[in-house]
Amino acid sequence: MVIGFIGLGAMGRPMAANLAAAAPTRVWNRTVAVAHAHAEAHGTEAVEDLADLGVCDVIATCLPTTTEVAAVAETLAPLLSPGTTWIDHTSGDPAASRDLAARLAERGVDYLDAPISGGTDGAEAGTLTVMLGGEPAVVDRVSWYLDVVGRTIVLLGPIGAGHATKVVTNAMLATTLLAAAEGLVALERLGVSTSVALEVVNGSAGRSYVTERLFPERIVTREFPNTFAMPLLAKDVRLAGEVLAEADVEGPVLALVQQLTDAAADQLGPDADHSALVQLVERAAGVELT
Ligand code: NDP
């Protein structure tokens, strides 16, 4: 089994490194130097031409959006053999991915949407949550691969179900982040420091990943390390809006969160971590969380 891994960003880099210990792994990255550095550090094989992935049994993609995945597939799909499995870890667009899967199926290539959760730490540790959409038999065929990257691996339904679940989850993250920021900024202005407030919040029903991890680790420390970029979160919130529309569900909360995350992505720029969203709430109130 040969793996071809496409997209060595914050998530793809550690995932491909772990996979290389399980099977021969070829890596392709838009910025070629990143692929060569990966090969040197992790024993993968860097390829500069997508055509060199044509022999792979498994193609994995971890790219920003489905647009980039489809562009890569345009070049690569005609070169793949029937029976190849395409595992897409991108937090992608369910509808566009169904179209892509149909085009791949014409070549006899099986597509699974397999977006991930767990951050760069989870990618390094191989403990990601993998949200699958596709056929059970295809999932079974690549279970050896999924076991390398993930710990919680759930088949949610047909193609697109994994992406839909992922973007809805991230819309919940954005909503919680904004709500917690507003509340904690208010408390700070009233003289309650965030570090102290969090001791109570995290022992109460208002606690969440945001209050247990993001605020103490990234925000109160003023580190805001960019491991998950703000524009990627805004993209997921937009896609979640499309999921609600497809399901014919009204989403007034999500619509507002989408406005706020789109504006934040514009204001903060491409290199800001999603946690920097809180800085905008701080600035508007003229306080810094401590
Ligand atoms: P990064 O921005 O760190 O990496 C993006 C990767 O895509 C890079 O390899 C980049 O190549 C490549 N790329 C960008 N544009 C193109 C293009 N036009 N054609 C080909 N390759 C391109 O992203 P992440 O690794 O953070 O995220 C990848 C996916 O995983 C996203 O969908 C994201 O939403 C999702 N995700 C991210 C998490 C995180 O914590 N970071 C957690 C869970 C999911 P280059 O090196 O040339 O820029």
Side-chain angles (χ1 to χ4, degrees), residues 4-19 26-39 42 44 46-50 53 59-76 87-94 96-97 100 113-132 149-152 162-174 177 209-210 213-214 217-218 224-240 261 265 268-277:
F5 202 102
I6 298 173
L8 301 171
M11 296 299 282
R13 246 187 333 266
M15 291 169 78
N18 290 337
L19 287 162
R26 297 184 173 192
V27 291
W28 181 92
N29 196 71
R30 178 182 61 173
T31 306
V32 171
V34 173
H36 287 292
H38 197 274
H42 303 293
T44 49
V47 303
E48 297 191 7
D49 191 344
L50 279 172
L53 300 182
I59 297 291
T61 32
C62 193
L63 296 171
T65 73
T66 301
T67 305
E68 290 82 31
V69 180
V72 163
E74 192 74 24
T75 307
L76 185 53
I87 305 177
D88 184 14
H89 296 298
T90 307
S91 300
D93 179 331
S97 296
L100 171 60
D113 43 318
I116 45 187
S117 180
T120 50
D121 292 351
E124 275 162 33
T127 56
L128 293 168
T129 296
V130 186
M131 298 165 236
L132 293 163
V149 297
R151 186 163 57 193
T152 305
H163 287 322
T165 306
K166 170 65 190 178
V167 297
V168 165
T169 302
N170 270 14
M172 294 180 196
L173 163 66
L177 188 54
Y209 165 77
V210 161
R213 300 284 310 274
L214 290 189
E217 292 174 11
R218 299 182 186 222
F224 304 99
N226 184 9
T227 66
F228 178 44
M230 186 60 224
L232 292 177
L233 179 60
K235 171 261 302 181
D236 290 346
V237 174
R238 277 196 301 278
L239 288 170
T261 50
L268 293 166
D271 298 326
D273 186 59
H274 63 301
S275 58
L277 180 56

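None of the values given here were measured: they were computed from a predicted structure. All ligand and atom numbering here is 1-based and tracks the order in the structure.
- Across T90, D88, T66, a single residue satisfies side chain to side chain donor-acceptor pair (under 3.5 Å) together with T61, and that is D88.
- For E217, the CD atom counts as densely surrounded, since its 6.0 Å shell holds more than 12 non-hydrogen atoms of other residues, nucleotides or ligands.
- N29 places no side-chain N or O within donor-acceptor distance of the main-chain N or O of V34, the cut-off being under 3.5 Å.
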Ligand 1 polar-atom proximity to protein (N/O, under 3.5 Å):
| residue | atom | partner | partner atom | Å |
| --- | --- | --- | --- | --- |
| ligand 1 | 3 (O) | A10 | N | 2.8 |
| ligand 1 | 9 (O) | L8 | N | 3.1 |
| ligand 1 | 9 (O) | G9 | N | 3.3 |
| ligand 1 | 9 (O) | N29 | OD1 | 2.7 |
| ligand 1 | 15 (N) | R30 | NH1 | 3.3 |
| ligand 1 | 25 (O) | A10 | N | 3.1 |
| ligand 1 | 25 (O) | M11 | N | 3.0 |
| ligand 1 | 32 (O) | L63 | O | 3.1 |
| ligand 1 | 32 (O) | P64 | O | 2.9 |
| ligand 1 | 32 (O) | S91 | N | 3.0 |
| ligand 1 | 32 (O) | K235 | NZ | 3.2 |
| ligand 1 | 34 (O) | K235 | NZ | 3.0 |
| ligand 1 | 40 (O) | T227 | O | 3.4 |
| ligand 1 | 41 (N) | T227 | O | 2.5 |
| ligand 1 | 46 (O) | N29 | ND2 | 2.8 |
| ligand 1 | 47 (O) | R30 | NE | 3.0 |
| ligand 1 | 47 (O) | T31 | N | 3.0 |
| ligand 1 | 47 (O) | T31 | OG1 | 2.5 |
| ligand 1 | 48 (O) | R30 | NH2 | 2.9 |

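- Between W28 and L76, every side-chain heavy-atom pair lies at or beyond the 4.5 Å cut-off.
- The distance from the CD1 atom of I116 to the OG1 atom of T152 is 13.5 Å, given to the nearest 0.5 Å.
- Between atom CG of residue L177 and atom CE of residue M172 there is a gap of 15.0 Å, rounded to the nearest 0.5 Å.
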